[in-house]
Amino acid sequence: MMNKKVGISLVIALIVLIPLMAYQFWYVPNFTGDDYYTYVGDSYKEIIEKDDSGADYKEYYYKQKAYDKDGNEKLLKFNSTIGRPIKADNYLKVVYNRKYDKVLSWEKVEKKQVPRKTIEQILK
């Protein structure tokens with residue numbers, strides 16, 4: 001009777017632990033990142049590229065300083081992903097993945113959402 005309870009407990013523990021370990025050791029390093037904040041002006045570089053059919057399309061690339069919540073600086077490169085430049089005079093929250101050294105995503109945020117130490121660095 002006791003061995004059966006121990007066996008069931010062990011199976012339940014494995015059922016819970018395997019997804020948690022997969023999340024921590026595979027998902028987190030590959031698909032999450034650190035939040036950085038930046039202020040976007042009109043500092044993009046427009047590049048004309050060709051799609052698979054040979055048609056031209058424009059990409060808008062940014063390379064600028066961004067800051068984490070503690071005010072630490074990082075030079076980040078990313079593109080607009082929306083088929084046009086990001087509107088000037090906006091604050092962005094940028095998610096940066098260290099493992100792949102790339103920006104995973106960005107979103108517009110209000111100035112009041114930017115951490116205090118970060119805004120101090122941006123406004124220098």
Side-chain angles (χ1 to χ4, degrees):
M1 183 83 165
M2 192 62 150
N3 285 340
K4 192 173 188 178
K5 285 184 182 180
V6 170
I8 291 172
S9 296
L10 199 58
V11 169
I12 290 173
L14 285 174
I15 289 171
V16 171
L17 285 177
I18 290 173
L20 287 174
M21 289 174 53
Y23 174 79
Q24 186 62 38
F25 294 110
W26 177 75
Y27 183 82
V28 169
N30 288 301
F31 299 102
T32 65
D34 302 317
D35 293 341
Y36 283 82
Y37 298 85
T38 190
Y39 182 78
V40 172
D42 57 0
S43 58
Y44 61 87
K45 182 176 183 179
E46 181 180 282
I47 297 177
I48 297 174
E49 307 215 5
K50 295 200 181 287
D51 64 16
D52 293 339
S53 68
D56 289 348
Y57 69 95
K58 294 178 183 176
E59 285 283 344
Y60 302 92
Y61 292 94
Y62 295 81
K63 182 178 181 180
Q64 58 188 75
K65 294 177 184 176
Y67 304 89
D68 67 10
K69 64 180 173 35
D70 297 319
N72 299 311
E73 180 182 310
K74 180 120 186 110
L75 184 64
L76 297 180
K77 297 180 229 173
F78 56 97
N79 66 4
S80 73
T81 68
I82 53 177
R84 60 177 169 73
I86 300 169
K87 288 185 180 177
D89 303 323
N90 278 300
Y91 290 92
L92 298 181
K93 177 177 147 183
V94 180
V95 178
Y96 169 75
N97 180 285
R98 278 185 261 144
K99 180 177 179 180
Y100 294 110
D101 188 28
K102 74 176 197 172
V103 169
L104 299 177
S105 65
W106 58 264
E107 66 178 296
K108 180 184 166 196
V109 294
E110 298 297 321
K111 183 178 179 180
K112 63 185 175 195
Q113 294 174 279
V114 179
R116 185 181 56 79
K117 287 182 180 177
T118 305
I119 206 78
E120 289 172 1
Q121 290 297 104
I122 290 172
L123 295 176
K124 275 187 175 179

Study note, to complete from the structure: Residue set satisfying salt bridge (charged side-chain N to carboxylate O under 4.0 Å, His left out) with Glu59, at least two apart, ordered chain then number -> none

Review point. Taking side chain as C-beta onward, heavy atoms only, is Asp68 less than 4.5 Å from Asp35?
Key: no

Check your understanding: Taking all atoms of both residues into account, what is the closest heavy-atom pair of Lys69 and Lys117, and its distance?
Key -> O-CB, 3.6 Å

Point to revise | Non-neighbouring partners of Lys102 that pass side chain to side chain contact (heavy atoms under 4.5 Å, CB included), sequence neighbours left out | key: Tyr100, Leu104

Check your understanding: Which residues pass the salt bridge (charged side-chain N to carboxylate O under 4.0 Å, His left out) test with Asp101, sequence neighbours left out?
Key -> none

**Study point:** Test side chain to side chain donor-acceptor pair (under 3.5 Å) applied to Thr38 - qualifying residues, sequence neighbours left out
**Key:** Gln64

**Study point:** Set of residues satisfying side chain to side chain donor-acceptor pair (under 3.5 Å) with respect to Arg116, sequence neighbours excluded
**Key:** Glu120

Study note, to complete from the structure: Members sharing Leu123's hydrophobic cluster, built from side-chain contacts under 4.5 Å between Ile, Leu, Val, Met, Phe, Trp and Tyr, are Tyr37, Tyr39, Tyr67, Tyr91, Val109, Val114, Ile119, Ile122

Review point. Asp52: what forms a side chain to side chain contact (heavy atoms under 4.5 Å, CB included) with it, not counting sequence neighbours?
Key: none

Exercise for review: Name all residues meeting the salt bridge (charged side-chain N to carboxylate O under 4.0 Å, His left out) criterion together with Arg98; count only those two or more places apart in sequence or in a different chain, and write none if there are none.
Suggested key: Asp34

Check your understanding: How many angstroms lie between NZ in Lys108 and CD in Gln113, if you round to the nearest 0.5 Å?
Key -> 10.0 Å

**Study point:** From Lys99 atom NZ to Thr32 atom OG1, the distance as rounded to the nearest 0.5 Å
**Key:** 10.5 Å

Exercise for review: List, by chain and then residue number, the residues other than Leu75 in its hydrophobic cluster (Ile/Leu/Val/Met/Phe/Trp/Tyr, side-chain heavy atoms under 4.5 Å); write none if there are no others.
Suggested key: none

Study note, to complete from the structure: Sequence neighbours excluded, the answer for salt bridge (charged side-chain N to carboxylate O under 4.0 Å, His left out) partners of Lys124 is none

Exercise for review: Kindly compute the distance separating NZ (Lys111) from CG (Asn90), expressed to the nearest 0.5 Å.
Suggested key: 13.0 Å

Check your understanding: Can you list the residues that meet the side chain to side chain contact (heavy atoms under 4.5 Å, CB included) rule with Ser9, with sequence neighbours excluded?
Key -> none

Practice item. Could you tell me the separation between the OG1 atom of Thr118 and the CG atom of Asp70, rounded to the nearest 0.5 Å? Key: 7.5 Å

Exercise for review: Could you identify which residues cluster with Ile82, counting Ile, Leu, Val, Met, Phe, Trp and Tyr as linked when any side-chain heavy atoms lie under 4.5 Å apart, either directly or through a chain of such contacts?
Suggested key: Tyr36, Val40, Tyr44, Tyr60, Tyr62, Leu76, Phe78, Ile86, Leu92, Val94, Tyr96, Val103, Trp106

Point to revise | Lys50 to Tyr57 - nearest heavy-atom pair and separation | key: C-CE2, 3.4 Å

Check your understanding: Which heavy-atom pair separates Pro19 from Val16 by the least distance, and what is that distance?
Key -> CD-O, 3.4 Å

